[in-house]
Amino acid sequence: MPRLIVTAVNHYPKIPNLPRSAHLRQAIAQFQEGKISPQDLSRVQEEVTREVLQEQQEAGLDLVTDGQIRWEDLATYLAQGMEGFRVTGLVRLYDTNTYYRQPVAERKVSWKGPILVRDLQGAQKNSSVPVKAVLTGPYTLASLCLHPAYPRWEEFVLDLARALRQEIGALEAEGKAVWIQIDEPNLVFEKRPSFWPLFKEAFQLLTSGTSVPIILQTYYGGLDGLYPEILQLPFRVLGMDFVTAPANWKLLENHPFPKGKGLAAGIIDARNTKMESPSEISSRIERLLALCPQADPIHLQPHCGLEFLPRETAQRKLEILARAAQPFKFQREPVQ
Amino acid sequence: MSLPLLPTTTVGSFPKPEYLLRARAQRTRGEISPQTLQELEEKATREWIELQERLGLDILVDGEMYRGDMATYFAENLEGLKISGLVRSYGNRYYRKPIVTGSIQRSRPVTVRWWRFTQSLTKKPVKGMLTGPYTLMDWSFDEHYGSRRDCALAFAEALREEAEDLERAGATYIQIDEPAVSVRPQELELAIEALGCVTQNLKVKTITHICYGRFEEIYPEMLRLPVDQIDLEMANSGYDLLNLFKKNPFDKEIGLGVLDVHSHHVETEEQILSGLQKTLKVLSPEQVTVDPDCGLKTRTREEVEKKLAVMVSAVKKLRQELKSPAAR
């Protein structure tokens with residue numbers, strides 16, 4: 001019986017609804033008007049990070065993230081922390097009705113110092129359960145950016161992989177990271193088979209010599225055409241989205257998940273307010289356990305980040321997931 | 001009423017004046033009555049009609065002074081829907097999404113009273129303005145239908161009734177916006193089916209506005225959207241869509257966006273003229289209505305006035321040129 005770990009994918013809604021106050025929204029507005037200092041804003045972000053860590057633990061998660069409270073989207077926070085980028089106008093993010101500011105690589109990109117280490121340390125200090133560090137992978141990051149400094153897209157991806165490899169090194173050494181998650185939605189959202197060799201090369205570069213367990217996270221699409229070959233890559237856990245891509249079930253049926261790797265299964269819908277019933281979730285967990293008896297661990301999670309939902313709905317979804325997973329965790333205890 | 005060549009219009013929304021924003025906040029807190037709020041919405045609508053007439057626009061809009069958001073407004077006025085808590089759209093911007101909780105029904109007209117009121121203020125045509133069924137579906141949480149198609153078609157049925165009521169009230173232009181259409185190319189067929197359900201019985205001129213997106217993947221198929229005119233953002237993409245039209249002729253009327261609505265910068269007459277001239281190499285002037293890229297609600301009133309004034313004067317200049325024998 002695999003270990004079951006209930007977790008969230010990456011971001012968490014930044015502001016609650018009335019009667020609770022949206023202090024981060026107010027602080028950002030005040031910061032933009034020049035009424036408060038960057039330090040003041042940072043204090044509020046820290047406070048909100050503590051709140052969302054607390055909420056995830058209350059919901060019953062075994063592994064949490066810092067909710068990416070300081071991130072505006074999956075591209076700009078990392079890009080702004082690196083050398084070579086300028087952040088420009090708004091572009092629609094995938095098929096969501098949300099937008100991100102598009103980074104443009106105007107010069108050669110490189111790592112100039114830790115971007116996420118302090119955030120991770122802060123989150124670890126305020127969490128009684130393990131925290132995973134999350135970063136957007138080089139392939140997805142490159143897909144979201146413009147790259148006038150690079151005539152060849154492949155070079156851009158590989159330079160990003162080198163820069164992020166250094167970030168992973170810092171998260172490992174200074175941040176004492178216990179899990180590092182690499183988000184690569186572009187791999188499955190917009191399938192371009194011709195880029196598969198490039199993806200593999202970048203992922204190998206990114207993870208070479210690391211000893212922290214790595215999660216390769218995919219969402220917004222299925223792994224058809226990539227699975228089972230993707231299992232050859234050097235990750236510890238593979239993330240699969242069963243909400244957007246029910247076809248992922250078929251892949252597991254056709255090719256059993258191997259021994260020695262874990263599966264992070266997105267089994268509740270993080271883009272709809274409709275609540276899954278406990279029995280629906282239980283039957284999905286049963287199906288996973290039946291199909292993947294060799295996978296270890298199995299992470300149970302929403303299919304993507306939670307910021308598409310109102311904060312209260314997001315927390316309730318996590319609660320329902322954690323509660324549905326509970327009986328399966330007890331089954332693991334050996335009965336003598 | 002006959003329109004000049006290259007008629008001018010706007011896409012729908014204008015910024016709400018300060019006094020109206022204050023009043024909306026007061027209304028939320030229960031500090032003023034619905035009547036007081038409505039009087040201020042009417043005052044603001046009157047001001048926008050006056051400005052549009054003064055600037056010499058040909059087809060007018062009410063400016064949507066009474067709408068919070070183009071999706072939630074319909075959610076608030078149809079049965080089977082609720083409004084969610086806040087979700088972030090980008091940066092520090094948040095909005096409330098419709099939640100479909102039951103069967104979608106229209107128990108009474110939604111926009112007709114506002115259309116009548118606005119049309120009573122002017123002799124120029126005022127467009128009836130609706131948000132399209134595909135977009136309402138895409139921008140809502142669906143807790144009821146469990147199928148994107150069923151949900152879109154349910155919205156379409158309610159909107160068909162609304163559009164037909166607008167036509168009966170006397171509207172001669174009905175615009176049904178589908179900004180979400182360009183996002184999921186694989187769902188274009190659904191968008192066409194749903195919009196067709198809304199427009200099937202209409203005899204008036206129909207328009208749909210689509211925001212910038214993956215046009216290379218939905219063109220020329222998107223020409224099958226069952227409307228007379230497709231309104232497109234052209235300015236903020238440097239008119240690059242014209243390259244697609246060169247390969248496959250654009251065989252409908254076009255609402256040609258010539259003002260970048262996301263920029264504070266006021267376009268020059270030369271910029272607009274050069275965009276129009278580029279366009280007229282690919283399309284005939286009879287196909288073209290000129291307008292901003294998108295709704296203007298995020299600009300200030302001053303910016304709106306300046307941008308539209310330049311647009312109208314550029315169009316007037318071009319009309320003269322087209323009339324002169326040298327252009328023939």
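Note that the structure is a prediction, hence the values are computed from the model and not measured. These numbers come from the heavy atoms of this one structure, side chains and all, not from hydrogens, waters or symmetry mates. Here is the naming used below: chain letters follow the sequence lines, and residue numbers restart at 1 for every chain.
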Between OG1 of T28(B) and CG of L18(A), what distance do you get to the nearest 0.5 Å?
-> 10.5 Å
Which heavy atom of L309(A) sits nearest a heavy atom of V87(B), and at what distance?
-> C-CG1, 3.4 Å
Among the listed options E307(A), E72(A), E312(A), R25(A), the residue most often paired with chain B at heavy-atom distances under 4.5 Å = R25(A)
Note: P310(A) and G85(B) closest approach over all heavy atoms is CG-N, 3.7 Å
Pairs of heavy atoms under 4.5 Å with chain A: top-ranked of T101(B), N92(B), V183(B) = N92(B)
Where along residues 89-97 of chain A does a heavy atom come under 4.5 Å of chain B, listed by residue number?
-> L90(A), R92(A), Y94(A), D95(A), N97(A)
What part of R184(B) gets closer than 4.5 Å to chain A, counting heavy atoms only: side chain, backbone, both or neither?
-> side chain
So which part of Y94(B) gets closer than 4.5 Å to some heavy atom of chain A, the side chain, the backbone, both or neither?
-> both
Considering only heavy atoms, which portion of A22(A) lies under 4.5 Å from any heavy atom of chain B: side chain, backbone, both, or neither?
-> neither
May I ask you to test the K97(B)-F308(A) pair for a side-chain heavy-atom distance under 4.5 Å?
-> no
Within 6.0 angstrom of K278(B) NZ, more than 12 heavy atoms from elsewhere | yes
Flag the pair Y90(B) / T98(A) as yes when at least one side-chain heavy-atom distance between them is below 4.5 Å, and no otherwise.
-> no
Turns out that what part of R271(A) lies under 4.5 Å from chain B's heavy atoms comes down to both
Taking D73(A), T273(A), T76(A) one by one, which has the highest count of heavy-atom pairs under 4.5 Å against chain B?
-> T273(A)
Indicate the atoms forming the closest heavy-atom contact of N17(A) with L86(B), along with that distance.
-> OD1-N, 2.8 Å
Who among R96(B), R214(B), E143(B) has the most heavy-atom pairs with chain A under 4.5 Å?
-> E143(B)
D269(A) CG to D142(B) CG distance, which is reported to the nearest 0.5 Å = 10.5 Å
Neighbour count above 12 (heavy atom, 6.0 Å) for R93(B) CZ | no
Taking side-chain hydrogen bond (donor to acceptor under 3.5 Å, both in side chains) as the test, write out the residues that go with S237(B), two or more places apart.
-> D240(B)
